[in-house]
There are 2 protein chains.
Amino acid sequence: MNLKDLSHHLGLSPTTVSRALNGYPEVSERTRARVHEAAERLGYAPSARAMGLATGRAMAIGHILPLSSEHEQVNPVFSDFIAGAGEVYSGAGYDLSLSVVRDEDETATYERIARRGTVDGVVLHGPRVDDPRIALLQRLGLPFVVHGRSSAVARDYDWIDVNNRRAFQRATDLLLDLGHRRIALLNGLSHMDFAARRLAGYQAALAARGLELPEDYVTSGEMTETYGHAEALRLLDRPDPPTAFLVASIIPALGLRRALEDRGLKMGRDISVVIHDDELSYFRNAGEVPAFSATRSSVRAAGRLCAEALLAAIAGERPKVQTLLEAELVLGLSTGPAPQ
Amino acid sequence: MNLKDLSHHLGLSPTTVSRALNGYPEVSERTRARVHEAAERLGYAPSARAMGLATGRAMAIGHILPLSSEHEQVNPVFSDFIAGAGEVYSGAGYDLSLSVVRDEDETATYERIARRGTVDGVVLHGPRVDDPRIALLQRLGLPFVVHGRSSAVARDYDWIDVNNRRAFQRATDLLLDLGHRRIALLNGLSHMDFAARRLAGYQAALAARGLELPEDYVTSGEMTETYGHAEALRLLDRPDPPTAFLVASIIPALGLRRALEDRGLKMGRDISVVIHDDELSYFRNAGEVPAFSATRSSVRAAGRLCAEALLAAIAGERPKVQTLLEAELVLGLSTGPAPQ
DNA sequence: CTTCACGCCCAAAGCGGTTTGGATTTTCCG
DNA sequence: CGGAAAATCCAAACCGCTTTGGGCGTGAAG
């Protein structure tokens with residue numbers, strides 16, 4: 001059932017049927033109702049391809065999921081982000097086109113996507129400190145919104161980010177106020193922008209109190225449970241182990257918890273922990289008193305915001321979205337005064 | 001840069017250029033080389049929409065991600081599955097179209113997708129014991145592969161599944177062999193097919209030894225960390241607590257571990273645990289001796305297999321893929337003889 | 001009674017590819 | 001060397017929709 005069939009069926013021209021369905025004013029309400037009824041009854045849905053070809057819009061948003069060959073993983077943060085963005089897309093009649101791509105093919109993929117016209121815009125995930133993709137996308141003229149920022153890129157672009165620096169500065173201050181002086185940071189991969197900003201916040205808080213800590217109190221890596229476990233063990237087994245940890249995600253924090261258990265230490269009493277909590281749907285850190293003290297910011301909400309911003313940009317409104325979300329600092333069971 | 005421009009540029013007809021690029025034999029190798037070179041140089045890529053319109057193929061596969069309104073979560077298993085499938089798609093030049101959809105809109109989405117022709121086929125996620133979507137897709141004539149099965153559906157369809165029943169029967173046997181008699185099962189949502197099959201395996205193993213256990217030794221729910229924690233606490237606090245747990249995923253098992261810690265119990269000594277390990281990239285249960293004893297089957301590999309099967313089906317090969325993957329049973333640190 | 005403005009609808013020209021059915025050369029062979 | 005076969009290439013139709021540029025009544029204004 002295509003437009004021609006339908007219009008023939010109705011004794012109308014394709015033009016009129018198309019206009020009726022798309023809400024153009026040149027068609028009487030009576031006809032419009034008839035057309036809608038028939039379309040519904042006959043199960044007519046316009047071909048997305050033909051529509052796209054005629055209008056020049058793909059009605060789809062691209063998300064590119066790079067898989068680095070070293071650490072072949074898909075960040076769990078990604079699924080919740082997608083869930084948030086996806087809701088917005090389906091509400092607006094947009095599709096979400098996902099490309100899983102090897103790191104090294106990533107720029108090629110952007111170029112191909114832009115030229116093939118499969119999407120009207122893209123969301124940029126996991127920006128590095130100095131991310132070449134921003135310039136690339138601007139060159140390609142493909143609308144985009146960055147989830148995060150790229151500190152070393154001077155250009156102007158739309159982004160939605162959490163105030164990572166402030167969050168980790170506050171978290172560090174909290175631990176310092178509790179009397180902790182040996183505070184370790186289990187950070188994300190160091191070339192990621194969010195990790196760099198968190199490190200900066202941590203360092204700023206320490207510097208403000210004139211503290212200096214061993215270099216390897218800061219670790220960076222892919223945020224797996226195993227990573228948290230291994231690095232925590234390493235640090236706990238030092239001659240001068242930390243009394244507190246900042247952890248970049250709840251997942252390595254679970255590994256940290258395992259490490260504490262291995263060493264017979266109790267979280268919140270022997271060792272304090274503050275995590276960054278993305279509110280992953282499978283790892284709720286909630287309840288009257290959450291298990292972990294945390295800087296909290298919903299990645300799903302960020303997904304929604306990115307999607308909305310991008311759709312607005314595509315619709316031609318150019319409001320330059322640069323939104324800094326503040327994470328809330330919530331106290332849970334994992335923090336307590338430093339043991340002396 | 002479209003085909004007309006390119007052909008004009010080359011002094012050839014669009015026909016010839018199209019054929020040259022698509023590998024048709026009616027064009028000389030010399031011309032083909034010239035065309036390819038020019039296309040490369042001028043950065044020509046055919047419009048996906050126009051191509052789709054002309055060929056009738058969308059070169060895209062749909063994945064529908066239903067979000068139930070009660071438990072608004074995105075299964076982490078999903079991201080790894082997608083990663084596996086996505087690799088295959090990009091290798092074959094296919095896009096992956098993801099629809100995030102409210103539960104109640106799911107059938108409507110399938111119908112719309114089928115009629116709009118945005119995809120050439122879909123992967124069915126999370127089949128229920130009796131899943132109406134299978135009949136729906138067959139009625140729509142949209143090629144599909146199910147990740148899992150739907151036990152109560154008598155029809156013939158393509159699927160890739162893990163032998164969940166056998167896996168959980170073996171895991172239960174392992175625990176029984178170790179002397180455990182009070183074995184709890186922290187299962188997934190009971191209407192999910194995989195959960196029903198795991199339950200059946202568990203029950204079969206118990207029945208084979210003439211064991212009967214309290215009804216609430218089996219729990220079902222969304223497989224979050226919190227779920228594992230809460231149910232484990234409830235069971236451990238019974239007058240006759242289990243000495244062993246079967247857990248449907250590593251994520252609730254982390255909650256279980258937290259519960260053990262809360263109660264001062266040691267996993268592998270006081271309480272034995274066997275999980276099902278999907279090999280989630282952020283929760284590796286590996287190493288010389290893995291932390292958890294597990295029935296192991298890579299969901300990422302399953303994603304690859306589903307994608308390959310679907311692409312084959314779309315290509316017209318109709319090999320009726322019904323693949324049962326056997327999970328391997330690996331011994332880790334979480335199991336030991338039952339304390340007496 | 002014109003004339004003009006609407007209101008309603010339509011024919012036809014794209015959008016950017018693929019594919020059918022020739023047309024024109026080349027090549028091959030007796 | 002002539003004719004058939006093979007090799008190349010092309011014009012035009014088509015995929016299913018949108019959109020431009022009218023056409024045709026009808027009622028109001030002049």
Side-chain angles (χ1 to χ4, degrees), chain A residues 1-36 38-39 42-60 93-95 112-120 315, chain B residues 1-36 38-39 42-60 93-95 112-120 315:
Chain A
M1 172 63 52
N2 57 22
L3 186 73
K4 192 155 63 163
D5 298 343
L6 178 60
S7 62
H8 196 257
H9 193 90
L10 281 162
L12 289 171
S13 76
T15 310
T16 304
V17 175
S18 168
R19 285 182 164 154
L21 292 173
N22 292 316
Y24 282 72
E26 299 92 330
V27 47
S28 73
E29 282 313 317
R30 220 161 52 86
T31 318
R32 190 190 307 281
R34 250 182 77 215
V35 170
H36 268 119
L42 300 174
Y44 166 77
S47 148
R49 294 190 289 272
M51 222 164 127
L53 187 55
T55 60
R57 285 167 306 132
M59 295 304 281
Y94 273 75
D95 287 334
R112 207 173 42 81
I113 270 186
R115 287 203 296 253
R116 295 186 61 209
T118 43
V119 301
D120 299 318
Chain B
M1 172 63 52
N2 56 24
L3 208 164
K4 192 154 64 163
D5 298 345
L6 178 60
S7 63
H8 195 257
H9 192 91
L10 281 161
L12 289 170
S13 75
T15 308
T16 305
V17 175
S18 168
R19 284 181 163 154
L21 292 173
N22 292 316
Y24 283 72
E26 298 91 331
V27 47
S28 73
E29 281 314 316
R30 219 161 51 84
T31 320
R32 191 191 304 282
R34 250 184 76 217
V35 170
H36 268 120
L42 301 175
Y44 165 78
S47 148
R49 291 190 291 269
M51 223 164 128
L53 186 56
T55 60
R57 285 167 308 132
M59 295 304 280
Y94 274 76
D95 287 333
R112 206 171 43 80
I113 269 186
R115 286 204 297 253
R116 296 184 63 209
T118 42
V119 301
D120 299 321

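The sequence lines fix the lettering, A, B, ..., with proteins before strands; numbering per chain opens at 1. What's counted below: heavy atoms across the whole structure, side chains too, no hydrogens, waters or symmetry copies.
Pairs of residues two or more places apart, or lying in two chains, that qualify as side chain to side chain donor-acceptor pair (under 3.5 Å) and include a residue from residues 8-17 of chain B are Ser13(B)-Thr16(B). The salt bridge (Lys or Arg N to Asp or Glu O under 4.0 Å) analysis of residues 14-31 of chain A, with sequence neighbours excluded, yields the pairs Glu29(A)-Arg32(A).
By the side chain to side chain donor-acceptor pair (under 3.5 Å) test, Ser7(B) pairs with no residue at all, sequence neighbours left out. Shown here are the side chain to side chain donor-acceptor pair (under 3.5 Å) partners of Thr55(A), two or more places apart in sequence or in another chain: there are none. Every residue meeting the side chain to side chain contact (heavy atoms under 4.5 Å, CB included) condition with Ser47(B), not counting sequence neighbours, appears here in chain and number order: Arg49(B), Ala50(B). Annotation: side chain to side chain contact (heavy atoms under 4.5 Å, CB included) contacts of Asn2(A) (sequence neighbours excluded): Lys4(A), Asp5(A). Partners of Ala54(A) under the side chain to side chain contact (heavy atoms under 4.5 Å, CB included) rule, at least two apart in sequence or in another chain, do not exist in this structure.
From one end of the helix from dC1(C)-dG30(D) to dG30(C)-dC1(D) to the other, with five pairs defining each end axis, the axis direction shifts by 50° (rounded to 10°).
Residue Asp120(B) comes nearest to Ala58(B) through the heavy atom pair OD1-N, 2.7 Å, listed as atom of the first residue, atom of the second, then distance.
From Met59(A), atom CE reaches atom CG of Asp95(A) across 8.5 Å, with rounding to the nearest 0.5 Å.
At the heavy-atom level, Gly11(A) lies under 4.0 Å from the strands shown only through sugar-phosphate atoms.
When atom types are taken as modelled, the side chain of Arg115(A) and the backbone of Gly43(B) share a donor-acceptor pair closer than 3.5 angstrom.
A nucleotide of DNA chain D counts as in contact with chain B when one of its atoms lies under 4.0 Å from a heavy atom; the first and last such, 5' to 3', are dT8(D) to dG16(D).
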Could you run down nucleotides 13-20 of chain C 5' to 3' and tag each one B, S or - for protein heavy-atom contact under 4.0 Å? -BBBBBBB
